[in-house]
Amino acid sequence: MLANTSTFSLSYVDALQLSSGEEVVLKTYHLVLLALALVGNILVIIGSTKYHAIDIDRISLVLIESLAVTDTIITLVFVIPTAVVLFEKRWILGSLSCYIQGVLGYVPIFAEVLTITATSAYRLWVLFPPLQALKMHRRTMYLIIAMLWCLPLTYVLVKIGIGQYAFFDPPMLICNSISTTDSKYLVMVAIVLFLALPLVAILGCNTVIFMQALRVNYLSNQVHEGFRVQRNKEGVDQHPSNQRSIDQLQSKQRSIDQLESSQRSIDRLQSSQGSIDQLRGNQGSSDLTWSLSPGIGNSLQRRKRSNSNAVIMVLAISWIFVLSTLPMLTRGIVQVLQPENIPPRFYLFQAEVFLVSLACNPIIYTCTSRRFRYFLRHFLSTRATSLTSALSVTVMCGACGRRESPQMSVRRRRHGEDFV
């Protein structure tokens, strides 16, 4: 038996005792989350894999792509069936889909927890021994991600071996699973291994990353302030003045060559030598200043901005995920210890709050990556233009009672002509 079909006729409205206004708010909230999670994560996958639209390092990009794929799977397995339940008020998708959601649905959820943990751990690794982190290959990270998926899959297979069947749980608006035997200890192992320990690791890694980022920002400000004071003191704020210092050095060197032919100018030669030494010091400092500004400075600034964006991205994703997962962790612990003390609406609250992280991740990528914002504008405007052109051609052909010929279609695409 895959699922208990007698629970499919239960209504969530009766279980939660929702008013009509609360039901409308719940439907609107869920549909907005569905649109953001599904469309946003699909655009993230397309933009990062095909157009390289997220400007971070290659290993972090692999983790971001894996997280987007996991979010898309969770959206397809949980969010879309829940939207159907909200409008039908009961489960109508059959036993197989209920079994996939209630039993196999734990695999992408736990894989997402482990993926975010791996993302935080990698960013922490980058901060402290960067040379070792830069040597990691993409294939190594793909192998790690596959292992992260194998862990929850092994847990689910153990549960299936013990004996699991699914049932519709009206307070949560989804199908859940129950064991034919007493599996309380197995549930506790899952809570500790896939929720509690990863969340503690995420909090620890992100706290250290945040403190290290503050320290680096403070030291960077001190260095820039020192360079600014030194440039103001030596009068080498801009490149033309640097060139003038070099010209002065060369003219002094020519004067020294002339003074060496005269024994009467030894004192003047020595004083000029002192001036030369001072100008050489100015030249060395100006070379350092120039190396940190125009040409090379741009690449350094881009690399610094990319690292800063990666840190901000990981911190935002991790903290939002922790906040959205804490209610689910609380529900799991209380359900094992005292399940009768959980109110029905708390089941709904923890299930809907968990979906927030799925919708927020694409928004975080958009806010932290300028290249991804450009990709969204270009991609959406191009698709909107193509769709508008196709609709206009279809309407005009329908009004004329004839179809557009292939030759006319090719001509219109090449020359941008309107169909007449």
Side-chain angles (χ1 to χ4, degrees), residues 1-20 22-24 26-27 29-31 33-34 37-38 72-112 152-191 194 327-328 331-332 334-336 338-355 358:
M1 180 178 65
L2 295 178
N4 185 2
T5 56
S6 61
T7 60
F8 292 173
S9 60
L10 299 177
S11 174
Y12 74 90
V13 178
D14 298 333
L16 297 173
Q17 297 180 354
L18 297 176
S19 62
S20 58
E22 292 174 337
E23 191 176 351
V24 171
L26 182 61
K27 291 178 180 178
Y29 167 80
H30 196 83
L31 290 178
L33 289 183
L34 173 60
L38 186 61
T72 305
I73 294 175
I74 294 175
T75 304
L76 296 176
V77 174
F78 286 93
V79 184
I80 293 179
T82 304
V84 176
V85 171
L86 283 173
F87 286 93
E88 296 295 332
K89 297 182 173 57
R90 60 188 182 90
W91 187 266
I92 62 170
L93 300 177
S95 300
L96 181 60
S97 59
C98 185
Y99 185 82
I100 292 174
Q101 186 184 82
V103 179
L104 302 179
Y106 288 102
V107 176
I109 291 178
F110 292 157
E112 181 175 19
L153 181 61
T154 304
Y155 167 75
V156 170
L157 292 178
V158 170
K159 288 184 64 177
I160 294 175
I162 293 175
Q164 293 280 319
Y165 68 90
F167 67 96
F168 176 60
D169 194 357
M172 296 180 64
L173 303 177
I174 61 173
C175 285
N176 212 333
S177 62
I178 190 171
S179 176
T180 56
T181 60
D182 188 10
S183 60
K184 180 182 296 186
Y185 296 105
L186 188 61
V187 174
M188 286 299 298
V189 168
I191 292 174
F194 297 113
M328 185 171 65
R331 190 266 302 175
V334 176
Q335 188 175 7
V336 172
Q338 295 178 343
E340 65 276 359
N341 294 332
I342 303 178
R345 292 200 176 192
F346 186 76
Y347 286 100
L348 176 64
F349 171 76
Q350 61 90 26
E352 294 297 320
V353 168
F354 178 76
L355 303 178
L358 307 180

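Every value quoted in this text rests on a predicted model; they were computed, and no experiment measured them. Throughout, residue positions are numbered sequentially from 1 according to the sequence presented.
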Where do [X] and [Y] come nearest, in terms of heavy atoms and distance?
X    : Y    : value
A37  : T75  : CB-OG1, 3.6 Å
V187 : V336 : CG1-CG2, 3.6 Å
A166 : C98  : CB-O, 3.5 Å
D169 : P171 : OD1-CD, 3.1 Å
L34  : A83  : CD2-CB, 4.2 Å
Y99  : Q164 : CE1-O, 4.0 Å

**Message:** V353 vs M328, test: side chain to side chain contact (heavy atoms under 4.5 Å, CB included). Steps then yes/no.
**Reply:** CA-CA 9 Å; V353 168; M328 185 171 65; over 6 Å; no

Gap separating the [atom1] atom of [X] from the [atom2] atom of [Y], nearest 0.5 angstrom:
X    : Y    : atom1 : atom2 : value
L93  : I80  : CG    : CD1   : 10.5 Å
F87  : E23  : CZ    : CD    : 9.0 Å
Q101 : T82  : CD    : OG1   : 5.5 Å
I342 : Q350 : CD1   : CD    : 8.5 Å
H30  : L33  : NE2   : CG    : 7.5 Å
R331 : F354 : CZ    : CZ    : 10.5 Å

Any [X] side-chain heavy atom under 4.5 Å of [Y] side chain:
X   : Y    : value
E22 : L16  : no
T5  : S95  : yes
N4  : I178 : no

**Flag, side chain of Y155 to backbone of F110, donor-acceptor distance under 3.5 Å** =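 Between the backbone of F110 and the side chain of Y155 there is no qualifying donor-acceptor contact (under 3.5 Å).
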
**Request:** Before giving the answer on side chain to side chain contact (heavy atoms under 4.5 Å, CB included), spell out for K159 and L186 the whole-Å C-alpha distance, their side-chain angles and the decisive distance to 0.1 Å.
**Result:** CA-CA 8 Å; K159 288 184 64 177; L186 188 61; 3.5 Å; yes

**Message:** Between I73 and E112, does the side chain to side chain contact (heavy atoms under 4.5 Å, CB included) criterion hold? Intermediate values first, please.
**Reply:** CA-CA 10 Å; I73 294 175; E112 181 175 19; over 6 Å; no

**Request:** Indicate the ring-plane relationship of W91 and F168, choosing parallel, tilted or perpendicular according to the 30° and 60° boundaries.
**Result:**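 Correct class here is tilted.
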
**Item:** Audit row: L358, V79, side chain to side chain contact (heavy atoms under 4.5 Å, CB included) steps and yes/no
**Value:** CA-CA 10 Å; L358 307 180; V79 184; 4.1 Å; yes

**Asked** Is the number of heavy atoms from other residues, nucleotides or ligands under 6.0 Å of Y106 OH greater than 12?
**Response**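 Yes, the 6.0 Å shell around OH holds more than 12 heavy atoms from other groups.
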
